[in-house]
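One structure below.
When reading the values below, keep in mind they use all heavy atoms of this one structure, side chains included, and skip hydrogens, waters and symmetry mates.
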Amino acid sequence: NFWNPAFQRHANGAKRLLGVVLVAATPADHTAVLRALAGGAAPKSGADGISVPTPNGEITVTTPAAFRARFGVAPAIVGEGMALNALRMGVADLDATSAVLQRGSVAADRHDGCIVVPAAAASGATLVFEAV
């Protein structure tokens with residue numbers, strides 16, 4: 001059902017998944033796992049963590065502090081290993097997405113050019129809407 005186009009349409013304007021964000025205390029410790037998830041592609045290292053593009057979106061592993069700085073909210077899950085904390089979705093119109101969220105009484109804030117729905121309002125994972 002995930003790949004069914006009818007189930008991918010939503011009033012919030014999401015057009016496609018841009019990526020997922022995992023959180024780990026030491027992102028570089030997960031380079032081998034990230035490489036395996038990406039079919040062998042080498043992750044890029046940066047000051048805030050590691051990331052690798054895939055045909056279906058970017059996989060990022062970042063620190064808790066970098067997650068908070070990037071999205072304006074604390075990660076919901078931080079523990080040993082790494083944990084999925086955010087889904088990044090591309091939308092055509094951030095204002096239209098914001099209006100849909102407001103009509104639905106969904107808690108959301110603008111942060112760094114994105115709309116961020118915190119994990120507590122989104123069943124456990126932070127939702128990030130970005131203009132595409």
Side-chain angles (χ1 to χ4, degrees):
N1 287 337
F2 181 79
W3 296 112
N4 182 335
F7 295 143
Q8 293 180 21
R9 290 187 195 97
H10 193 279
N12 65 23
K15 300 221 173 271
R16 63 186 168 103
L17 183 66
L18 298 176
V20 297
V21 182
L22 299 107
V23 171
T26 311
D29 290 351
H30 305 283
T31 301
V33 172
L34 196 58
R35 181 183 297 250
L37 288 172
K44 297 177 202 167
S45 294
D48 297 333
I50 57 176
S51 65
V52 64
T54 75
N56 295 313
E58 181 180 49
I59 304 170
T60 301
V61 184
T62 190
T63 64
F67 185 94
R68 178 182 279 284
R70 182 171 180 194
F71 303 118
V73 296
I77 304 169
V78 178
E80 292 185 36
M82 61 181 171
L84 177 65
N85 269 274
L87 303 171
R88 297 175 41 237
M89 279 138 331
V91 299
D93 185 338
L94 285 174
D95 291 332
T97 299
S98 182
V100 168
L101 294 171
Q102 287 175 353
R103 282 193 303 274
S105 299
V106 176
D109 289 307
R110 296 248 181 169
H111 182 79
D112 212 15
C114 301
I115 297 172
V116 179
V117 178
S123 300
T126 299
L127 303 179
V128 180
F129 297 94
E130 302 174 27
V132 291

Q. Are V128 and V78 connected in a single hydrophobic cluster, I mean Ile/Leu/Val/Met/Phe/Trp/Tyr linked by side-chain heavy atoms less than 4.5 Å apart?
A. yes

Q: Could you tell me which non-hydrogen atom of G90 sits nearest to which non-hydrogen atom of V132, and how far apart they are?
A: CA-CG1, 3.6 Å

Q. Pick one: which of T54, I59, V61 meets side chain to side chain contact (heavy atoms under 4.5 Å, CB included) with V20?
A. I59

Q | Closest contact, heavy atoms only, V52 versus A42 | A | CG2-O, 4.0 Å

Q) Should D93 and K15 count as an ion pair when the cut-off is N to O under 4.0 Å? A) no

Q. At their closest point, which heavy atom of T60 faces which heavy atom of S51, and how far apart are they?
A. OG1-CB, 3.7 Å

Q) In terms of hydrophobic clustering (I, L, V, M, F, W, Y; side-chain heavy atoms under 4.5 Å; direct or indirect links), are I115 and L87 co-clustered? A) yes

**Q.** L101 with L94, same ILVMFWY side-chain cluster at under 4.5 Å
**A.** yes

Q) Which heavy atom in V116 sits nearest to a heavy atom in T126, and how many Å separate them? A) CG1-CG2, 3.6 Å

Q) Do the side chains of L18 and L37 join up, straight or via other hydrophobic residues, at under 4.5 Å, putting them in one cluster? A) no

Q: Could you tell me the separation between the NE2 atom of H30 and the CZ atom of R35, rounded to the nearest 0.5 Å?
A: 15.5 Å

Q. Taking it one step at a time, do R110 and S98 satisfy side-chain contact (heavy atoms from CB on, under 4.5 Å)?
A. CA-CA 9 Å; R110 296 248 181 169; S98 182; 3.8 Å; yes

Q) Got a donor-acceptor contact below 3.5 angstrom from the N85 side chain to the A76 backbone? A) yes

Q: Could you pull out the closest heavy-atom pair between M82 and A24, with the gap in Å?
A: CB-CB, 3.7 Å

(Q) Rounded at 0.5 Å granularity, tell me how far CE in M89 sits from CZ in R16. (A) 12.5 Å

Q: Work out which heavy atom in A86 is nearest to a heavy atom in F67; give both atom names and the distance.
A: CB-CE1, 3.7 Å

Q: Could you go through the side-chain contact (heavy atoms from CB on, under 4.5 Å) check for F71 and D112 one step at a time?
A: CA-CA 7 Å; F71 303 118; D112 212 15; over 6 Å; no

Q | hydrophobic_cluster_shared for V106 and V73, side chain cutoff 4.5 Å | A | no

Q | Interatomic spacing from CG in D95 to OG1 in T97 - rounded to 0.5 Å | A | 8.5 Å

Q) Under 3.5 Å, is there a donor-acceptor pair between the side chain of T62 and the main chain of D48? A) yes

